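One structure is given below, encoded as structure tokens.
It should be emphasised that the depicted structure is a prediction, and the values quoted were computed from it without experimental measurement. Just follow the structure's listing: the first ligand is 1, and inside any ligand the first atom is 1.
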Amino acid sequence: MSKLKIAIQKNGRLSEKSLQLLKECGIKLSNGERRLKTTSSNFPIEILFLRDDDIPQYVEQGVADVGILGENEVWEKDKNVVITKKLGFANCRLSLAIPKDVQYTGLSYFNQKKVATSYPGILDKFFKQNNLEVEIETIGGSVEIAPGIGLADAIFDIVSTGSTLQINGLKEVELVTTSEAVLISNPNLDAEKQEILERLLFRIQSVRNAAENKYILLNAPNESIEKISNILPGMKSPTVLPLIEPGWSSIHSVVKEDEFWDIIDQLKALGAEGILIINVEKMIL
Ligand code: PRP
């Protein structure tokens, strides 16, 4: 039986989280010292540890069947690959930044300026769309140092917390685009590999559903059950179990993590007590 070859980043911001995702999908990898290639003992995949900027090319060529990397690298390399799934981690911005003491006058500021970046393709497209004439200086890394050493007037790079900009005396002035980790695939996978990929995507979706949802348990007076059920619709409908104390029930449901804080006050106003919020490990819809 063939194996699906998955390329992930060898070192760097996506590396640990990519491995973590596979682990959460129940995929066991033989570890030991970090090798450049490993297989799973319980799922038909092989992992290739590569530099992230090489991954689009290897997936296009079929050296790897799929890859996990930042969307920004996919856009930059512009290879014939398919973005199959957004993965919801390693979210960042791709922004233009200038020295913090320089006054920013809007996008026209960049006209006739020199901007250092590791993403010349994305930046060139952005400046062309905005009819700006800018010189792009392509460098491999440590981009934030460029204005300080007189290499460029500004930079274009990944911003996550913003601390690298701050440490280097820069300020973010234009958001060009946002990016997150994605799974890309070769557009011509054979049926067997496509089937393995479908199984993997199903597991990834279950992990993602679980990450976005919490299991909620609470006690409430029986007269509030209907109203609380409307607030907490759950996957099908909430579970309601009677408490030994007459007139009270325990209500169990699932709630979106980002909605929880918005509804907590409504639940309390309806008499809910003993509210417990529990992590969900997997969620199959
Ligand atoms: C990126 C980017 C910035 C930094 C921004 O580098 O190039 O230097 O992260 O993050 P912050 O806003 O949280 O400070 P990364 O660590 O991914 O390594 P790289 O230089 O290999 O891209």
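Atom 11 (P) of ligand 1 is flagged as protein-proximal [any protein heavy atom, distance under 4.0 Å]. In this structure, atom 21 (O) of ligand 1 has its sub-4.0 angstrom surroundings free of protein heavy atoms. Checking atom 14 (O) of ligand 1 against the protein gives a heavy-atom contact under 4.0 Å. Note that atom 8 (O) of ligand 1 has protein non-hydrogen atoms nearby, at separations under 4.0 angstrom.
Considering both main-chain and side-chain atoms, Ser160 comes within under 3.5 Å of ligand 1 through a nitrogen or oxygen pair.
A salt bridge between Glu137 and Lys114 is present, with a side-chain N of the basic residue lying under 4.0 Å from a carboxylate O of the acidic one.
Heavy-atom separations between Gly141 and ligand 1 are all 4.0 Å or longer. Ligand 1 lies nowhere less than 4.0 angstrom from a heavy atom belonging to Gly12.
Judged by distance alone, the side chain of Asn130 and the main-chain N or O of Leu132 form no donor-acceptor pair under 3.5 Å.
Val254 and Leu276 fall within a single hydrophobic cluster, where Ile, Leu, Val, Met, Phe, Trp and Tyr side chains are chained together by heavy-atom contacts under 4.5 Å.
Taking every heavy atom of Val159 and a limit of under 4.0 angstrom, the matching atoms of ligand 1 come to 12 (O). For ligand 1, the atoms sitting less than 4.0 Å from at least one non-hydrogen atom of Gly162 are 11 (P), 12 (O), 13 (O), numbered in the order shown with element in parentheses. Applying the 4.0 Å criterion to heavy atoms of Thr164 picks out, from ligand 1, the atoms 4 (C), 5 (C), 8 (O), 10 (O), 11 (P), 14 (O).
Under the 4.5 Å side-chain criterion, counting only non-hydrogen atoms from C-beta, Leu123 is in contact with Leu96. By the 4.5 Å heavy-atom criterion applied to side chains, Glu174 and Tyr109 are not counted as neighbours.
A side-chain donor-acceptor contact under 3.5 Å links Ser95 and Glu172. Between the side chains of Lys85 and Gln205, a donor-acceptor pair is found at a separation under 3.5 Å.
Among protein heavy atoms, the minimum distance from atom 6 (O) of ligand 1 is reached at Arg13 NH2, 3.8 Å. When only non-hydrogen protein atoms are considered, atom 5 (C) of ligand 1 lies nearest to Ile158 O, 3.4 Å. Looking only at protein heavy atoms, the nearest one to atom 3 (C) of ligand 1 is Glu144 OE2, 3.1 Å.
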Using side chain to side chain contact (heavy atoms under 4.5 Å, CB included), reason through Ile98 and Lys113 one step at a time and then give a plain yes or no. CA-CA 11 Å; Ile98 64 171; Lys113 293 275 197 309; over 6 Å; no
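Applying the 6.0 Å contact sphere to NZ of Lys227 captures no more than 12 heavy atoms from other residues, nucleotides or ligands.
When Thr161, Asp157, Asn11 are ranked by how near their heavy atoms come to atom 2 (C) of ligand 1, first place goes to Asp157.
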